[in-house]
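In what follows, residues are counted from 1 in the order of the sequence shown.
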Amino acid sequence: MSISGALSNALSGLATTSRMADIVSSNLSNALTDGYGRRQAELASSQLGGAGGGVRIEGITRFVDAGLLADRRLADAALTGQERGASTLNRLEQSIGGPEDAANLGMRLAAFERALISAASDPASETRLASAVTRLGDVAETLRENTRAVQTLRQEADASIARDIDVLNTALLQVEGLNRDIVRLNATGTDTSSLVDARQRVIDQIAEIVPVREMTRDNGTVGLLTTSGTTLLDSKAAQFSFDQTPTITADMTFASGALSGIMIDGEPISPTNGIGRLDGGSLGAAFSMRDATLVETQVGLDEIAADLVARFQDPANDSTIIAGDPGLLTDEGGALDLADLDGLAGRISLNAAIDPFQGGNATLIRDGLGAVAAGPTGDPGQLNNWIAALGAARADTPNSASRSAAGRMADFTAQVGSTRLRAEEQLSFTTARWDTLREAELANGVDTDVELQNLLRIEQAYAANAKVIQTVDFMMQRLMEL
């Protein structure tokens with residue numbers, strides 16, 4: 001080997017070890033960075049004129065366990081969706097009150113029954129009669145408050161859908177742009193690992209909204225599909241749109257056309273449920289809350305309201321009224337209409353005839369709503385009728401179970417609680433699975449001990465190449481002295 005050949009080899013060694021030190025330092029500095037894939041330089045010997053010509057970096061390999069990454073992304077979608085669902089159900093239960101909450105429907109009804117019993121023990125006491133009317137008004141107001149809480153949560157779910165769609169569109173365009181950049185830089189032989197890192201982080205963001213599968217292509221680009229087959233990104237990113245509804249009332253549903261579904265490239269993604277095959281992440285959880293879980297909760301409230309209105313407008317419980325007359329509780333002043341139950345709990349109100357704030361007379365709760373003259377002040381008969389009416393098992397709405405008023409409210413409260421509990425149990429399981437996958441992913445990441453060992457070997461190689469150059473310099477000086 002000539003002296004110039006030795007010098008050339010040593011210089012290539014210095015350049016290569018410098019680049020390797022750069023790669024190791026990048027690995028160490030990003031050991032805790034989400035989305036970072038460990039790099040390793042792939043070395044190859046250079047050939048020059050049929051002889052060895054030093055060393056070169058043939059490429060840089062980015063290490064990621066694709067199977068583990070895919071599983072973790074699916075866990076991301078499930079975890080985000082269940083977190084959102086559990087959070088909404090917790091807020092729902094707090095709004096309507098748990099079994100021991102003094103402000104829940106059951107407790108309000110119990111207070112009304114106690115007030116009726118107190119009034120029945122002294123029917124002549126207008127104070128006790130007024131107290132019974134006030135407690136009944138509390139029951140109606142609690143139903144209206146619960147309805148407002150449910151509809152507020154539906155509005156928030158609708159707003160979260162709009163936010164998710166904005167994030168999804170932005171992220172898909174970012175992946176599309178990164179795909180283009182990677183193809184361009186690959187063509188020039190430039191390392192694209194940083195761009196791949198950035199793309200992985202963006203796809204992770206998408207995976208929280210919808211469960212996603214990544215399809216890697218030979219040119220370094222990726223396509224994205226949901227697990228059920230909807231194409232999110234092929235060569236171009238799909239564009240999704242959604243019209244947020246600022247105010248949602250109990251009678252507004254997707255099926256009725258009052259609420260929006262998702263559009264994909266200007267076309268409805270599904271005429272049946274509005275979300276199509278995008279279910280499974282935070283987007284699916286928001287749709288489920290808006291169109292299913294909270295709607296069922298409102299149906300439960302409406303059944304309770306219908307049950308109370310029916311009990312108090314039944315002539316069997318108040319002989320002074322006839323069938324079709326409003327009772328103690330009304331649908332905004334009218335009688336119960338079984339064909340118009342949607343949102344009844346938000347419209348329920350005291351009959352103006354007994355409501356002091358509407359000029360009513362509280363003594364009618366003792367004498368009967370249709371009484372044309374004051375009855376005997378010491379007769380508790382009608383008050384006892386109301387008490388008996390609350391305890392009787394009835395089923396006034398279609399497909400409802402026969403229950404007492406308190407029993408129906410207890411069933412409703414228990415159903416809300418059990419739904420929240422099931423959601424939290426699912427969330428606990430999914431969180432444990434996500435933690436396991438995340439730990440496994442991190443274990444496959446940068447091992448700082450190994451990287452430091454590599455750095456020591458690189459330092460030794462660098463010193464050896466430098467020694468060769470020093471020796472060549474010494475030899476050249478000796479030649480010049482001859």
Side-chain angles (χ1 to χ4, degrees), residues 1-66 68-69 178-179 181-201 216 218-222 440-482:
M1 175 179 290
S2 65
I3 293 178
S4 62
L7 181 61
S8 176
N9 286 342
L11 288 174
S12 70
L14 282 181
T16 300
T17 51
S18 296
R19 180 70 179 112
M20 290 173 66
D22 178 52
I23 292 170
V24 171
S25 67
S26 176
N27 287 341
L28 289 169
S29 62
N30 287 285
L32 301 177
T33 302
D34 283 340
Y36 182 82
R38 182 175 66 84
R39 277 80 150 153
Q40 178 174 303
E42 302 298 332
L43 303 181
S45 60
S46 295
Q47 297 294 319
L48 184 62
V55 64
R56 60 183 172 84
I57 292 179
E58 191 171 52
I60 297 174
T61 302
R62 178 177 180 271
F63 291 94
V64 170
D65 187 329
L68 188 59
L69 177 62
L178 287 166
N179 272 345
D181 292 342
I182 288 170
V183 169
R184 186 177 68 254
L185 293 179
N186 276 338
T188 63
T190 306
D191 177 28
T192 60
S193 297
S194 296
L195 294 178
V196 176
D197 287 342
R199 188 175 64 188
Q200 179 174 318
R201 289 193 292 271
T216 304
D218 292 340
N219 62 358
T221 64
V222 296
E441 188 178 20
L442 291 174
N444 284 338
V446 177
D447 185 327
T448 54
D449 291 340
V450 171
E451 296 299 329
L452 287 172
Q453 292 171 12
N454 290 337
L455 191 59
L456 288 174
R457 286 197 292 268
I458 291 168
E459 181 185 7
Q460 291 170 351
Y462 188 90
N465 282 289
K467 185 65 177 178
V468 171
I469 294 174
Q470 185 181 22
T471 303
V472 168
D473 178 59
F474 176 76
M475 293 171 66
M476 292 291 290
Q477 288 183 19
R478 293 297 302 269
L479 285 172
M480 295 297 292
E481 291 171 357
L482 292 177

Checking side-chain polar atoms at under 3.5 Å, does N179 have a donor or acceptor matched by the opposite partner on R199?
yes

Taking all atoms of both residues into account, what is the closest heavy-atom pair of M476 and I3, and its distance?
SD-CG2, 3.8 Å

So V222 and Q200, side-chain contact (heavy atoms from CB on, under 4.5 Å) or not? Walk me through it.
CA-CA 10 Å; V222 296; Q200 179 174 318; over 6 Å; no

What's the separation between atom OG1 in T190 and atom CG in L195, rounded to the nearest 0.5 Å?
9.5 Å

May I ask you to check whether over 12 heavy atoms, not counting those of L32, lie within 6.0 Å of atom CG?
no

Closer than 3.5 angstrom, by distance alone: can the side chain of S26 be matched with the main-chain N or O of D22 as a donor-acceptor pair?
no

What residues form a salt bridge (charged side-chain N to carboxylate O under 4.0 Å, His left out) with E481, not counting sequence neighbours?
R478

Taken to the nearest 0.5 Å, the spacing of D181 CG from N186 CG works out to 11.0 Å

For A21, does its backbone N or O pair with a side-chain atom of S25 as donor and acceptor, under 3.5 Å?
yes

Quick one: list whatever passes side-chain contact (heavy atoms from CB on, under 4.5 Å) with V55, sequence neighbours left out.
S12, T16, L43

Measuring only between side-chain heavy atoms, which start at C-beta, is L11 closer than 4.5 Å to I469?
yes

Return the CD1 to OG distance between I57 and S46, rounded to the nearest 0.5 Å.
10.5 Å

Could you tell me which residues satisfy side-chain hydrogen bond (donor to acceptor under 3.5 Å, both in side chains) with N465, sequence neighbours excluded, listed by chain and number?
none

Closest heavy-atom contact between A461 and T17?
CB-CG2, 3.7 Å

Is any side-chain heavy atom of T192 closer than 4.5 Å to a side-chain heavy atom of R62?
no

Would a 4.5 Å heavy-atom cut-off, applied to side chains only, mark D191 and R19 as touching?
yes

All salt bridge (charged side-chain N to carboxylate O under 4.0 Å, His left out) counterparts of D473, not counting sequence neighbours
none

Here the pair of heavy atoms bringing A41 nearest to I23 is CB-CD1, 3.6 Å

Side chain proximity check, T221 to V183, heavy atoms < 4.5 angstrom:
yes

If you apply the rule side-chain contact (heavy atoms from CB on, under 4.5 Å), what do you find for V196 with I182, and how did you get there?
CA-CA 8 Å; V196 176; I182 288 170; 4.0 Å; yes

Considering only residues two or more places apart or on different chains, which pairs with a residue in residues 453-466 satisfy salt bridge (charged side-chain N to carboxylate O under 4.0 Å, His left out)?
none

Only one of N27, D34, T33 passes side-chain hydrogen bond (donor to acceptor under 3.5 Å, both in side chains) with N30, and that residue is T33

Quick check for you: to the nearest 0.5 Å, what is the distance between T471 atom OG1 and L7 atom CG?
11.0 Å

For V64, is there any backbone N or O sitting under 3.5 Å from a side-chain donor or acceptor partner on N444?
no

Less than 4.5 Å apart, side chain to side chain, heavy atoms only: is that true for R39 and S194?
yes

Which distance, rounded to the nearest 0.5 Å, do you find between the CZ of F63 and the OG of S193?
10.5 Å

A31: side-chain contact (heavy atoms from CB on, under 4.5 Å) partners, not counting sequence neighbours:
V446, T448

In Å and rounded to the nearest 0.5 Å, what is the CG to CG distance from N454 to L28?
9.0 Å

